[in-house]
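Here's the structure we're looking at; comments come further down.
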Amino acid sequence: MALRLRLEEVEQAERAFRHYLVPEAGYFRHYVLHTWQGQYEELKQAVEAGQYLKTDLSATEKGLLTAFVSYYADGEAMRAKFNQGFVARELARYDALFSRVEGRSLDEQQRKAIVSDEDNNLVVAGAGSGKTTTIVGKVQYVLDRYRVAPERILLISFTNKSAATLAERIGIAGIEPRTFHKFGKDIITAVEGRQPSLYDENQLNTFIAGALQDLLRQPAYAELVIDFFLRQLKPQKPNEAFRSRGEYIQFLRDFGMQPYRATKQEANGRVTYQREAVKSAEECHIANFLYLNNIEYYYEAPYEHPTATAHYAQWKPDFTIVQDGKRVYLEHFGVDKNGNVPAFFAKSGQSVLEARTRYWEKIEWARQTSRKHGTMLLETYSYQHSEHRLTEALRKQLEEYGIRLRPKTAAEVWEILSTVAEDEVGSFQTLLRTFLLHLKSSNSTVEQVRARNERVPAVHERERNRHFLAIIEPLVERYAQELARREEIDFNDLINRATDYVRTGRYGRSFDYIIIDEFQDISQGRAQLIRSLTERHPATKLFCVGDDWQSIYRFAGSDLALFTNFGQHFGHSLLSRIETTYRFHEPLLGQSSTFITRNPSQTPKHLRSGLPGRRTQLRVVATPAGQQDDTVTLVELLEELIATVSNLAHKELLLLGRYSFDFRRIRNTMRVFRVDATRSTLYYDYTDAAGRPQTLQLPFLTVHKSKGLEADIVVVLNCNTGRRGFPSEMADDPVLGLVLSTADQFANGEERRLFYVALTRAKEQVFLLSDPTSKSKFVLELEGQGSPASGSSVGRRCPACQTTELVLKTGVSAKGKPWSFYGCPNFAYGCDYQEWVKPVAKEIHVN
């Protein structure tokens, strides 16, 4: 009887459910199903408890109850089936609209992404796939299909320029595309009745540099920073982690493992002072210790007594230490506690055991030679470095041999670092800034992060993080004091305050749709603001478009995990893809996709060209070895284009660099360009085949600033290895894992995305200018895919280290006989590979 009395409620519930299964109701959202199920949960429990199948209800009544209960068990499947049919019908119904969005016809993926109207929608887009056009189509669709009032759509982009572009392209009164900055300001103004006073974050770098300089006047703080610089700024990897000599050399070059002492260098009639090259990270550590303790040393200087024979070259100990007329030699031996050598010590065709035997012969020879001549020989070992007691062991031996240590003051050390390691100081300050922004974006305190660090499993990483937090904490405090003194808030304060006003209901405005462009740039603070809006108003639909392959603003606070784990952060979601690119084509399309997906953190996509008949070529072009000058190469490339590319004067050209100072690699000493320095633009005049004067315009941009742009021909400068090359080894630091929701642990992950952005600006051709003796690891990787290279005099990789190309060396012997050989430019790093052309040299063993 009780169930019979509730049949009317069941009929009402069933009608409500079936209402959502008609096209007029629109897309059947997860939120709608969830709300319906919550509304009738008590009724469902009563029906099930009444064991209606065993009652005397009619078959029709039992069928009604069975259908009602099935809406809980099968509701999700029914919803999915309905939406599948709904999308198909909508595509047909709105074909006319989708065939003329901004004067072009949308592809099938774009159309499906638009009509799918889930609670939260993420559209994973490819470069050049029409992201903005898809957003324009979405706005037009929901205005027509759901009769949404324009002011009920919140449209957000990340920069004033992109917001203005959206406003122009949508052109509908009442829809005001805004930046997060503008939207946060609007919320605070609405609640507080006045606009907040905002800190200009362009001043943040200057503030950090000034505050750091001031704190360094405190001896304890200075020691803290300098110790971090000397021992922990650069990565530490055990010798056994390297599979080959080349891999180890690449590590040394990538991270600038060079002592801080600058030595005089003469080349092409110019005198410069450069940091010397050493053959291991451990020797770099020793050299810095000696230099910063005012101990004069010479690296690999010839031994004071002749030792050369027909088969052995003159002995050159690692370090010759000189003080008050006393001479002491130091050899650092790369062995572990058991006397074993790293696997990469073995040369081609040599076993590790043979390498160990050979190495120990050298050790014994050095000891015997020193005893024979009565000289003092100090010894240090790799295992001392891995046990973090190399400095202690070295100090003890030096003191025993009467060598005095006179440590430089902290002020002196910092002056040295600021002069010879300006790039490292700059990268350190960038790291401080990035960490500070992420800390504030996540609305965390240093103490909360410190507690999080105690859960880091790796002991060394945990200790390094503690050290860094001790450095950053006073800066965080000073920054808070600076904002308070100025009575201003910064961008993260703005977003956090706006979020609080939404969550507490003080800002009550709601939206039917929140549409976000360039979603890959989302930060934790911005994500919390969006979540506060959707949690406060669950009927709001979120539509986000972006490309995680182009997420390049981690330094400004973006957190890749918010994109790659979208549903985890925003709730029930639908992921769509738009994978047809109209900008670039094969073979670059396949090469760049393979390149970016080496990182497993990136969302899989299968990009395809919307214009399959078009081609986009990639080529590596060699620049003069060791010159840091791309001028001649660029001129030669332009002349080649003039000769081979029709209608070149009407093509768009673009110069790109990892850093703004890369523009200085075009030195223009021969006045071949007209230069507009204020606009960072080059002009190249020439006469075309018809005898008409023409001018090529080559604007220069950093890769970050080029995002969203395109050109017919793109030239990327300085695709070389090193801390300020491409990839820049200054950009990644594991300490950021403490303030990112999920750190991108793939090596050079952010730099790989940035390089991908550089590649994918080109519609027709992209040229990578690279020194063949110091090629970027990214260039080497692309060449491994078969990307053609040109302009190299040798064009053959060193067979020993596999990290650089052989260069031709020529000269004349003391007897006037010419000689030439192909040698490895990594000689200074320990690769002594040579191929003599003439005369054939005798085999010489080097001790």
Side-chain angles (χ1 to χ4, degrees), residues 16-41 71-72 74-90 109-125 134-135 137-139 141-143 145-149 152-156 183 499 502-503 508-517 519-520 522 524 526-546 548 561-578 603 741:
F17 184 87
R18 292 200 169 277
H19 165 74
Y20 303 125
L21 295 177
V22 296
E24 291 74 21
Y27 194 91
F28 192 173
R29 294 174 54 210
H30 174 268
Y31 164 73
V32 171
L33 174 63
H34 182 72
T35 301
W36 181 91
Q37 290 177 334
Q39 181 180 354
Y40 295 105
E41 176 65 26
Y71 295 158
Y72 284 84
D74 305 324
E76 190 59 47
M78 296 171 72
R79 188 179 78 87
K81 183 177 180 181
F82 168 77
N83 285 336
Q84 185 178 7
F86 174 82
V87 167
R89 286 190 295 271
E90 290 295 284
Q109 284 186 315
Q110 289 174 304
R111 297 177 183 217
K112 285 184 176 179
I114 288 171
V115 300
S116 300
D117 212 38
E118 193 50 86
D119 302 348
N120 305 289
N121 302 268
L122 177 64
V123 181
V124 179
T134 302
I135 288 174
K138 180 71 174 182
V139 170
Y141 172 72
V142 299
L143 289 173
R145 178 63 173 81
Y146 296 107
R147 302 301 178 192
V148 176
R152 300 283 299 167
I153 298 175
L154 173 62
L155 186 51
I156 294 182
F183 181 53
T499 300
V502 173
R503 281 182 176 157
R509 185 177 175 186
S510 64
F511 300 93
D512 292 335
Y513 285 88
I514 299 175
I515 299 175
I516 304 177
D517 190 15
F519 188 76
Q520 73 278 349
I522 195 77
Q524 291 190 52
R526 295 177 176 117
Q528 288 167 6
L529 174 58
I530 296 303
R531 280 198 300 266
S532 69
L533 287 164
T534 56
E535 288 168 1
R536 191 81 186 172
H537 308 285
T540 301
K541 291 171 278 293
L542 180 62
F543 185 83
C544 305
V545 183
D548 65 304
L562 295 167
F563 187 105
T564 54
N565 299 321
F566 182 80
Q568 205 176 86
H569 293 281
F570 293 94
H572 189 89
S573 306
L574 176 70
L575 187 147
S576 304
R577 287 183 169 83
I578 50 176
T603 307
S741 58

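Interatomic distance, Met78 CE to Phe28 CZ, rounded to the nearest 0.5 Å: 8.0 Å. If you take CZ on Phe183 and CG on Leu529, they are separated by 5.5 Å, rounding to the nearest 0.5 Å. Taken to the nearest 0.5 Å, the CG atom of Leu542 stands 9.5 Å off from the CG atom of Leu533. If you take OG1 on Thr564 and CD on Gln520, they are separated by 12.0 Å, rounding to the nearest 0.5 Å. Atoms CZ and OG, from Phe543 and Ser576 in turn, are 7.0 Å apart once rounded to the nearest 0.5 Å. Here Phe511 contributes atom CZ and Leu155 contributes atom CG; the two are 11.0 Å apart, rounded to the nearest 0.5 Å.
Arg536 contributes no side-chain N or O that, together with a main-chain N or O of Arg509, makes up a donor-acceptor pair within less than 3.5 Å. Within the 3.5 Å criterion, the main-chain N or O of Thr603 finds a donor-acceptor partner in the side chain of Asp548.
Side chains of Ile515 and Ile135 form a contact here, defined as non-hydrogen atoms less than 4.5 Å apart. A 4.5 Å side-chain heavy-atom check between Asp517 and Ile156 finds every atom pair outside the cut-off. Using a 4.5 Å heavy-atom cutoff, the side chains of Glu76 and Leu33 are in contact. Looking only at side-chain heavy atoms (C-beta outward), Leu122 and Leu574 stay at 4.5 Å or farther from each other.
The 12-atom threshold is not exceeded at NE2 of His34, counting heavy atoms of other residues, nucleotides or ligands nearer than 6.0 Å.
For the pair Ile114 and Lys138, the tightest heavy-atom approach, listed with the atom from each and the gap, is O-NZ, 2.8 Å. Of all heavy-atom pairs spanning Tyr40 and Ala16, the tightest one is OH-CB, 4.3 Å. Smallest separation of non-hydrogen atoms from Asn121 and Ser116: OD1-O, 3.5 Å. The two residues Tyr31 and Pro538 have their closest heavy-atom pair at CE1-CB, 3.3 Å.
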Stepwise side chain to side chain contact (heavy atoms under 4.5 Å, CB included) test for Ile514 and Lys541: CA-CA 6 Å; Ile514 299 175; Lys541 291 171 278 293; over 6 Å; no
Salt bridge (charged side-chain N to carboxylate O under 4.0 Å, His left out) evaluation trace for Arg79 with Glu118: CA-CA 11 Å; Arg79 188 179 78 87; Glu118 193 50 86; 2.7 Å; yes
Ile516 and Val545: CA distance, side-chain angles, deciding distance, side chain to side chain contact (heavy atoms under 4.5 Å, CB included) verdict: CA-CA 6 Å; Ile516 304 177; Val545 183; over 6 Å; no
Salt bridge (charged side-chain N to carboxylate O under 4.0 Å, His left out) assessment of Arg111 paired with Glu90: CA-CA 9 Å; Arg111 297 177 183 217; Glu90 290 295 284; over 6 Å; no
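Under the side chain to side chain donor-acceptor pair (under 3.5 Å) test applied with Asp117, the options Tyr513, Tyr141, Tyr27 reduce to a single match, Tyr513.
Using cut-offs of 30° and 60° for the angle between ring planes, the Tyr72 and Trp36 rings count as tilted.
Every residue two or more places apart in sequence or in another chain that forms a side-chain contact (heavy atoms from CB on, under 4.5 Å) with Val22 is listed here: Glu24, Ala25. Judged as a side chain to side chain donor-acceptor pair (under 3.5 Å), and not counting sequence neighbours, the contacts of Thr134 are Gln110. Scanning for side-chain contact (heavy atoms from CB on, under 4.5 Å) contacts around Ala527 gives Ile522, Arg531, Leu562, Phe570, with sequence neighbours left out. The side-chain contact (heavy atoms from CB on, under 4.5 Å) test applied to Ser573 returns Asn120, Phe566, not counting sequence neighbours. For Arg18, the side chain to side chain donor-acceptor pair (under 3.5 Å) partners at least two apart in sequence or on another chain are Tyr71. Every residue meeting the side chain to side chain donor-acceptor pair (under 3.5 Å) condition with Arg152, not counting sequence neighbours, appears here in chain and number order: Ser510, Asp512.
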